[in-house]
Each structure stands twice: as structure tokens, then as C-alpha cells.
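Note that the coordinates shown come from a computational prediction; the quantities given were computed from them, not determined experimentally. When a ligand or atom number is given, it counts from 1 through the structure's own listing order.
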Amino acid sequence: MTERNSGQKIVGLAPHRQSSFYGRDIVSVRQFGREDLAYIVSVADEMRGIVKRVGATDLLKGHVLANLFYEPSTRTSSSFIAAMERLGGSVIPIHGVQYSSVSKGESLPDTIRTLECYADVIVLRHPEVGASEVAARYCSKPVISAGDGVGEHPTQGLLDLYTIYTELGRLDGLHVAMVGDLHNGRTVHSLARLMQLYDTRFSFVSPESLRLPADIKEALEGAGRVVVETDRVEEVIDQVDVLYVTRVQKERFADLSMYEAAKDYYVITPELMSGAKAKMALLHPLPRVGEIHYDVDSDPRAAYFRQMENGMYIRMALLAAVLGKA
Ligand code: NCD
């Protein structure tokens, strides 16, 4: 299919129940509305119930996922594998592209054309912005982005939103602060655009050099959201319902001295958390490299380990939904 989001791809499966996700690529959170999000949250809840009760199901028995990673990953790749296996499907894992024909110079379209012969759905992480849209154009099966460079990380955005919902019980009327490398952090870009759909007040906390990209800020303001930018987390810590902390993205810096200057800018400590609301959620997409002190882990508001567990339920929900079995 050449048109990414204008219709459903033809997948050789009889849909269990039609949903707006069936046969679709997931390449940007911009394709979702509030109804889609309510649907996927409810399916993720069902998946959690299945895993807690019986561990696995055979919903996707006989189906194959190609997990194609051109960049490092721990959580995203393993949670997609776990998700597919808990749904009874199987996985072609390609995590070191240096051992695949990519190292012989094969293009992304040709690699995708190859994998679609064997798999029913392709998950792709790639260093270039827009790579998953390119892949989707060449692929007759659904392509799910697992992060495209400094662009987006839609499935992380969905699991972050799901975590906010499970931690706080609502998505409207929240004050969300995002801290760290807002410029290069693709998870920030996806979550900000998702929370724009709700009545959210945004605080963006970063050094001047790592501010949120202007187009995202303009989109939030255009949607009527209050947006405040600051470089001091102390200015907002007592007001926020969600504190979303991110690492400075070392691999995106051409000049490592700029990375060194920014990397230790924020450290969330128990002292800082003592100034936060009693009911709030501290999130981090992980990996952390010093932004949250280990002593904060036992704080009941520290939700980052629950957040990564939620990633598996969201990915189970997405795989089932795009394959027409949710
Ligand atoms: C994030 C990513 O890859 O963008 N990690 C993840 O998928 N959980 C965040 C990061 O690498 O900092």
C-alpha cells in the first residue's frame, strides 16, 4: 500500500472484530483520536487481565512478527517479543542488523519486502526520522514504529498515556511536566502530542539548548493548551500531576562537549520529591543514566517500573488490534 493512513492494508486474516486499527500502520501518534486511545487502553486492560490470570493466550497463534531494530533497545524489543509470544504468535528477531544483509548494503525497502514475505506484522526501530513511514509505503503488512531517530516513538507514547491513566485514574485536567532532553527525546514528542488531545497544562523543563521543537510547541498552543517553558524543575515540582523525566540523548549529539554540559542538569532526588504532591506520578521511559536517584525507586509515586510493565500490555493490544484479533 502506498497510502499510509488513508485505508486499511490487506492482511490475509479474517478480522475477529473490526477496529480502526485493523490492518493499519502505527507510525505516528498524530493518527489517533481520543476514541482510538480509549479503545486501546481498554484492550490493554484486557491483556493485563489475561496475563495475570493465565499468562498467555492463543489469539495470534500461527502469526509471525518481524522485530527489526537498527538501534539499541532493551525494553521496546523485548516487550514486543514477550507481547507476541504471550499472544501465541512467534517472532523473527533482527536486533543486530550488522549480522543481516543490511551490512551488505541492502536498502530499507528491500529488507522490508523480504520480511513481509515471512511475517504478518513488522516492528521497526531506525535512526532516521520518517523511516517507518518509508517502510510502511513499501510494505503490504502493518508496520509499527518502535522509534524513528529524534522523531517519534508512538508505542512508547501510548504506554506512557496508559500509565498516566492507570496511575491517576484520568487523562483530563492534569498538569504534565516533561524534563530533560526535550529536543531529541522522541518519547517526549509522542507523549506531548497525545496529551494535547486532553485538557492538559504543560510545563517543559530543559536547558535552553534542549527545548521542545517549535512545531510541537505551536501545535499544543494551537490546540489551546497552556504551555510554560523553564529551566528549573523546582519551579514546577509542587504543582505537577505527572513528572516525565528523560535522559539526555548522547547518541544525537555531534559535539560531545555539548552533551557533557547538559547531561547532569537534572537529578530527581528524594529531597526534590518531598516537595511534590502526595498523589502524582513520576515517569521515565528508561534507560536512566543518573536523572533519577536510585533512592527514589521506593517512593510509591515512582511509576517507571510499572510503566515498563505496561509496555507489554499496550504492545499486546496493538498487535492484536492491527491483526484484527482484538
Ligand atoms: C527510549 C527511546 O528509545 O527513545 N527508550 C525506550 O524505548 N524505552 C528513551 C531513551 O532511549 O532515552
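Residues passing the salt bridge (Lys or Arg N to Asp or Glu O under 4.0 Å) test with Asp297, sequence neighbours excluded: Arg288.
Closest non-hydrogen pair, Thr57 versus Leu59, comes out as OG1-N, 3.0 Å.
For ligand 1, the protein residues placed under 4.0 Å by at least one non-hydrogen atom are Thr76, Arg125, His153, Gln156, Arg186, Thr187, Arg247, Gln249, Pro285, Leu286, Pro287.
Aromatic ring orientation, Tyr70 versus His126: tilted (interplanar angle from 30° to 60°).
In this structure a side-chain-to-backbone donor-acceptor pair under 3.5 Å is present from Glu291 to Val289.
The pair Asp299-Arg301 counts as a salt bridge, with a side-chain nitrogen and a carboxylate oxygen less than 4.0 angstrom apart.
Cation-pi geometry between Arg125 and Phe69 is not met: the NZ or CZ atom fails to fall both under 6.0 Å from the ring centre and inside 45° of the normal.
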